[in-house]
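This report refers to the structure that appears directly beneath it.
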Amino acid sequence: MTPIELDPLYEATKHEEQVYSLWLSQNAFHSEPNPDRTPFVVMMPPPNVTGYLHIGHALNMTLQDIAIRYKRMKGFETLWLPGMDHAGIATQAVVERQIKEQGLTREGLGREEFVRRIWEWKDKYGGIILSQLKKLGVSADWERLRFTLDEPYERAVKSAFVHYYKKGLLYKGQRITNWCPHCHTAISDIEVAYANDKGHLWYVRYPFTDGSGFVTIATTRPETILADAAVAVNPADPRYADIVGREVIVPVANRVIPVIADEAVLLDFGTGALKITPGHDPTDFEVGRRHNLPGMAVIGLDGLMNENALHYRGMTVTLAREKIVAEIDALGLLEKVDDYEHSVGHCSRCSSTIEPIVTDQWYLHMKDLAARALEAEREGKVEVLPVKWRKVYEGWLENINDWCVSRQLWWGHRIPVYHCESCGEVIVSVDAPHVCPKCGGTQFSQESDVLDTWFSSALWPFATLGWPEQTASLKYYYPTSLLITGYDIIFFWVARMVMSGLEFMDDVPFRTVFITGLVRDEQGRKMSKSLKNQVDPLDLISTYGTDALRFTMASLSTYGGQDILLSDQKLLSSRNFINKLWNATRFVVANVDVKETLAGPHPADDQLGPFDRWILTRLAEATRDVTAKMDVYDFGEASHRVYEFVWGDFCDWYIELSKIPLRDEARAPATRWVLAYALENTLRLLHPFVPFVTETITQQLYGGDHLMMMAAYPEADTMATYEKDAVQADFLIGFIKAVRNLKAVFHLPPTEKQSVVAVGAESDIAAVMANAEAVKFVGRFADIDTRLDTTQRYIKGAYGTMQVMILAKSDFDFEGELKVLRGKLEILNADIVKLEARLGNQDFIAHAPVEVVDKDTLRLEALKAEEQLVGAFLKGQG
RNA sequence: GGGCGGAUAGUUCAGCGGUAGAACGCUUGCCUUACAAGCAAGAAGUCGCAGGUUCGAAUCCUGUUUCGCCCA
């Protein structure tokens with residue numbers, strides 16, 4: 001055989017690009033409906049076109065890729081569908097900023113030209129993240145890449161809108177909405193982030209029209225006084241019972257407004273009397289409706305005081321507030337000002353203060369849709385993991401409000417509602433109308449607003465498969481299997497996908513949704529631009545390699561969805577692990593032609609040595625455990641388990657122990673086969689986690705078009721195990737450890753090979769002597785004997801009931817040994833006392849399961865035997 | 001105001017009813033021809049606090065302190 005030369009260090013960057021090209025060249029990520037296989041489908045949460053790869057993606061995408069690669073190897077017809085989201089506001093903002101640098105404005109360019117420029121920009125700079133995803137090793141079906149603004153997708157969005165409209169679930173209405181003066185659009189309730197801001201509570205006097213004094217109200221927003229429609233008190237408030245129905249004068253505006261009674265007024269807030277401003281407060285809007293109050297507005301859509309604001313017109317809200325307070329004070333109507341911290345809504349995109357303003361918007365009626373989504377989850381049709389998120393999901397759906405879906409933007413899906421210019425007839429249809437069905441007119445104007453980005457994202461699991469057409473893909477792949485995403489978009493996206501899936505496909509969009517934690521920095525802080533603690537995954541990839549980043553993400557992720565604290569130490573440890581695997585491979589290939597060996601016959605059972613049998617058993621156990629964890633998407637535990645096997649069993653013990661039989665031509669062939677077999681299966685177990693290094697190695701071993709990513713995942717059930725031999729091998733490993741411990745505790749030079757004497761039960765001694773060669777080799781002993789030379793002194797240790805002794809030199813510190821033995825005896829005694837107490841307890845015997853009692857009984861016996869042995873050593877020492 | 005999550009070895013975290021675990025760090029000793037990105041051996045925890053349930057509690061229940069998040 002031609003020995004394969006591998007570098008002693010695995011350099012990730014040398015191989016990764018080439019491996020990814022290989023996968024692409026073999027079309028290994030592509031999926032087509034295949035009736036002979038069960039589909040496993042994951043819809044990638046589409047990153048924004050403007051996006052770049054951040055650490056959250058690295059976690060998300062890694063976990064998805066692990067799931068996909070695992071299922072692919074398990075023989076499923078695996079589809080991972082990638083895509084991008086047009087991300088309305090975000091993208092429009094980016095391009096608007098860009099044209100501003102050229103001295104242009106959106107309005108100046110006009111809608112058509114501006115949208116054309118965004119597309120141009122998207123074609124040039126959009127989707128950078130896709131090439132970054134490839135660096136991560138993402139094995140998505142790039143042939144099926146979807147973009148939420150592509151023509152077929154647009155048909156899906158329009159169809160959904162028309163469907164909702166015809167069903168009566170969509171309505172347009174003048175209502176108070178969250179308005180972002182900076183983004184210049186309405187936003188939905190969940191796009192508002194509330195923060196406790198420090199402000200003031202102003203107490204303002206409203207004089208009665210009849211001159212009989214005044215009523216004092218408390219407000220946090222004095223500038224909206226100009227739009228007041230009433231003063232309200234609680235009907236149950238005795239303090240104000242006699243003023244209800246009277247009239248007061250609005251300060252500064254000098255308008256007359258009534259005093260009304262309404263349940264919504266809190267008795268203990270401020271003075272108990274409130275000003276009612278239906279145009280600028282959601283609660284007041286409702287009060288206004290109940291009492292038929294006019295809804296006047298003094299703040300415009302640009303966030304400035306408007307034409308109704310008298311001499312404050314054109315001022316910012318902040319300035320107007322300052323000025324009007326001064327004016328009220330000058331009028332002698334300001335009673336007092338308190339400091340007051342209160343919750344203020346901010347735009348989740350730009351952080352601007354949200355203005356509740358009455359505008360004309362489209363709303364989607366949510367109650368019924370939500371009820372179905374709730375039911376589906378409660379019935380287990382959608383499994384939400386970790387379970388702690390179930391309540392969050394349920395809670396939101398239970399208290400849902402109608403969804404404001406229209407946005408005053410240009411980049412997005414334009415609402416498919418047309419108005420006949422002749423007769424005003426409203427036509428809602430997927431295709432633009434040509435002739436008005438009512439008057440025969442041919443001129444139409446389309447609604448200028450676009451839909452909330454999330455309206456289109458909500459259709460992602462089926463719109464990407466061709467819906468509303470009943471395509472073969474839609475039939476085969478829907479519902480999808482698994483969704484992996486962060487908890488920040490449970491409401492925005494997850495819940496809405498469930499709703500629309502049920503509405504349009506009559507089935508849930510995915511069987512399981514796994515919510516990941518958030519990646520934080522080493523101090524547990526959220527990664528953010530302002531803290532400058534953001535980590536660029538691409539930097540980590542170039543420093544540690546993609547596989548190290550992936551393995552880190554997997555091993556830090558927990559089933560409970562804990563937030564993840566990323567540290568260099570962890571990445572280093574993962575990199576070292578990958579290098580360990582690489583070097584284990586180097587050892588194997590230096591001794592075995594893996595390809596040829598595995599193509600040849602299996603060694604017969606009687607040719608396998610005890611440690612061969614041991615590692616095969618351990619491999620089967622590891623395979624069983626890893627698969628069990630993978631099957632429930634517990635990637636963290638799966639990664640720990642495979643790590644433990646690779647490093648702890650295969651490298652630390654088997655490779656070392658194999659060096660003995662490899663020197664013996666009679667035994668070498670079996671061991672060579674086991675080395676090859678264990679390596680091959682280890683690589684397969686690891687491939688979903690660390691695809692690059694495992695594929696690189698496979699290329700070295702096999703070459704050509706033999707792909708690791710298409711190999712079958714190991715099946716524990718088909719693996720031979722040798723339980724009894726494994727137990728005996730464990731006994732021998734324990735023996736070696738006991739002698740090593742003696743050597744280390746007494747500072748015997750590790751390079752100096754000592755003579756060891758083992759005395760004990762016949763079967764134990766026989767086991768040791770039968771494997772003397774291997775034991776001596778890895779334990780670094782000169783020789784093992786079973787008889788004591790009574791003329792010599794020995795360093796004494798106990799391994800269970802076995803006496804383990806090392807021939808002592810004349811200068812050996814026997815005082816020190818005495819101390820060690822006494823310490824050991826003390827620990828043994830303590831354990832024995834504890835166990836005896838437990839086993840002496842009749843309640844324990846009566847209630848505890850038999851296995852537990854048996855186990856403790858056996859343990860007590862073992863401890864007592866060892867105690868006796870150590871006791872005898874001490875006596876002998878005198 | 002309502003809800004959720006964390007508090008376990010120096011650090012970051014697993015475990016979630018039957019002998020306290022891992023990684024990193026630390027200590028001691030080793031360049032043992034796969035790997036010093038390594039090897040061997042070790043030290044290190046009254047599992048936030050107080051009650052309770054149980055033969056048995058990090059693990060279940062109640063209360064409490066504290067940190068963080070979400071919703072209103």
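None of these values were measured; they are calculated from a predicted model. All values below come from the heavy atoms of this structure, side chains included, with hydrogens, waters and symmetry mates left out.
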Among A/V778, A/V745, A/L748, which residue satisfies the side-chain contact (heavy atoms from CB on, under 4.5 Å) criterion with A/R740?
A/V778

Closest approach to the side chain of A/N576, judged atom by atom: which nucleotide of B/C13, B/A37, B/C35 is it?
B/A37

In whole Å, what is the span from the OH atom of A/Y487 to the P atom of B/G6?
13 Å

Using only modelled atom types and a 3.5 angstrom limit, is any donor from either the side chain of A/K580 or the base of B/C35 paired with an acceptor on the other?
yes

For atom NZ of A/K737, is the number of surrounding heavy atoms from other residues, nucleotides or ligands below 6.0 Å larger than 12?
no

With P as the reference atom in both, quote the distance from B/G2 to B/G45 in angstrom, rounded to an integer.
40 Å

Side-chain N or O of A/K570 closer than 4.0 Å to phosphate OP1/OP2 of B/C24
no

Roughly how many Å apart are B/C24 and B/A37, using the P atom of each and rounding to a whole number?
13 Å

Would A/W673 and A/Y677 count as a close aromatic pair, with their ring centres under 6.0 Å?
yes

For B/C71 and B/U54, measure between their C1' atoms and round to the nearest Å.
38 Å

For the pair made of CD1 in A/I190 and P in B/C71, what is the distance, rounded to whole Å?
9 Å

How far, in whole Å, is B/C47 from B/G42 if one measures between their C1' atoms?
23 Å

Just compare B/U28, B/G3, B/G18 and give me whichever is closest to any side-chain atom of A/H747.
B/U28

Any idea which of B/C24, B/G18, B/A34 is nearest the A/P849 side chain?
B/G18

Which nucleotide, B/A34, B/A14, B/C24, lies nearest any side-chain atom of A/A584?
B/A34

More than 12 heavy atoms of other groups within 6.0 Å of A/E826 CD:
no

Would one find more than 12 heavy atoms of other residues, nucleotides or ligands at under 6.0 Å from atom NZ of A/K834?
no

Using the C1' atoms only, state how far B/U32 lies from B/G21, rounded to an integer number of Å.
30 Å

Checking understanding here: a glycosidic angle within 90° of 0 is syn, the rest anti, so what is B/A41?
anti

Would you kindly compare A/Y194 and A/Y559 by the position of their nearest RNA chain B nucleotide and give the one closer to the 5′ end?
A/Y559

Hey, does the side chain of A/N399 come within less than 4.0 Å of B/C71's phosphate (OP1/OP2), counting only N and O?
no

Sugar-phosphate only, base, or nothing, as touched by A/N579 at under 4.0 Å among non-hydrogen atoms
base

Secondary-structure stems, RNA chain B, at least 3 Watson-Crick or G-U base pairs under 3.5 Å:
B:1-7 with B:65-71, B:10-13 with B:21-24, B:26-30 with B:38-42, B:48-52 with B:60-64

For B/C39, does either OP1 or OP2 sit under 4.0 Å from a side-chain N or O belonging to A/W647?
yes

Between A/R618 and A/W653, is NZ or CZ placed under 6.0 angstrom from the six-membered ring centre and within 45° of the ring axis?
no

Closest listed nucleotide, where the reference is the side chain of A/R780 and the choices are B/G25, B/C35, B/U32
B/U32

Suppose you measure atom C1' in B/A57 against the same atom in B/C49; what distance do you get, rounded to whole Å?
16 Å

Pairs involving residues 558-594 of chain A, ordered by first then second residue, that meet ring-ring contact (aromatic ring centres under 6.0 Å, His included) (sequence neighbours left out)
A/Y10-A/W582, A/H15-A/W582, A/F551-A/F577, A/F577-A/Y643

Suppose you measure atom C1' in B/C16 against the same atom in B/A7; what distance do you get, rounded to whole Å?
15 Å

Interatomic distance where CD1 belongs to A/I845 and P belongs to B/G56 [whole Å]:
14 Å

How many Å lie between CG on A/L397 and C1' on B/C70, as a whole number?
15 Å

Does a side-chain N-to-carboxylate-O contact under 4.0 Å join A/R641 and A/E644?
yes

Looking only at the side chain of A/E637 (C-beta and beyond, no hydrogens), which of the listed nucleotides B/A14, B/U19, B/C4 gets closest?
B/A14

Examine B/A34: is either OP1 or OP2 under 4.0 Å from a nitrogen or oxygen in the side chain of A/K659? Give yes or no.
yes

Angle class for the A/Y487/A/W389 ring planes (parallel below 30°, perpendicular above 60°, tilted otherwise)?
parallel

Determine the minimum heavy-atom distance between A/R221 and A/H280, stating which atoms define it.
NH1-O, 4.2 Å

When all nucleic acid strands are considered with a 4.0 Å heavy-atom cut-off, which category describes A/D563: base, sugar-phosphate, or nothing?
nothing

Position toward the 5' end of RNA chain B (nearest nucleotide), A/R575 or A/K737
A/R575

Can you tell me which nucleotide in B/A14, B/A72, B/G18 comes closest to the side chain of A/S343?
B/A72

Does A/R859 place a side-chain N or O at less than 4.0 Å from the phosphate oxygens OP1/OP2 of B/U19?
no

With C1' as the reference atom in both, quote the distance from B/U12 to B/G51 in angstrom, rounded to an integer.
31 Å

Which word best sums up how the rings of A/Y633 and A/F635 line up, parallel for under 30°, tilted for 30 to 60°, or perpendicular for over 60°?
tilted

Between atom CD1 in A/I400 and atom P in B/A72, what is the gap in whole Å?
11 Å

Nearest-Å distance, CZ (A/R663) to P (B/U33)?
12 Å

Minimum-distance nucleotide to A/T558 side chain [options: B/C35, B/A14, B/C24]
B/A14

Taking the side chain of A/R838 as its heavy atoms from C-beta onward, which of B/G18, B/C35, B/A40 lies nearest to it?
B/G18

Taking the side chain of A/K855 as heavy atoms from C-beta outward, which of B/U19, B/C13, B/C39 is closest to it?
B/U19

Hey, does A/L9 reach any base, or is it just sugar-phosphate, or nothing, if we go heavy atoms under 4.0 Å?
base

Taking OP1 and OP2 of B/A14, is either one under 4.0 Å from a side-chain nitrogen or oxygen of A/Q562?
yes

Using whole Å, report how far CG of A/N591 lies from C1' of B/U33.
11 Å

Without decimals, in angstroms, what is the distance between A/L556 CG and B/A23 P?
14 Å

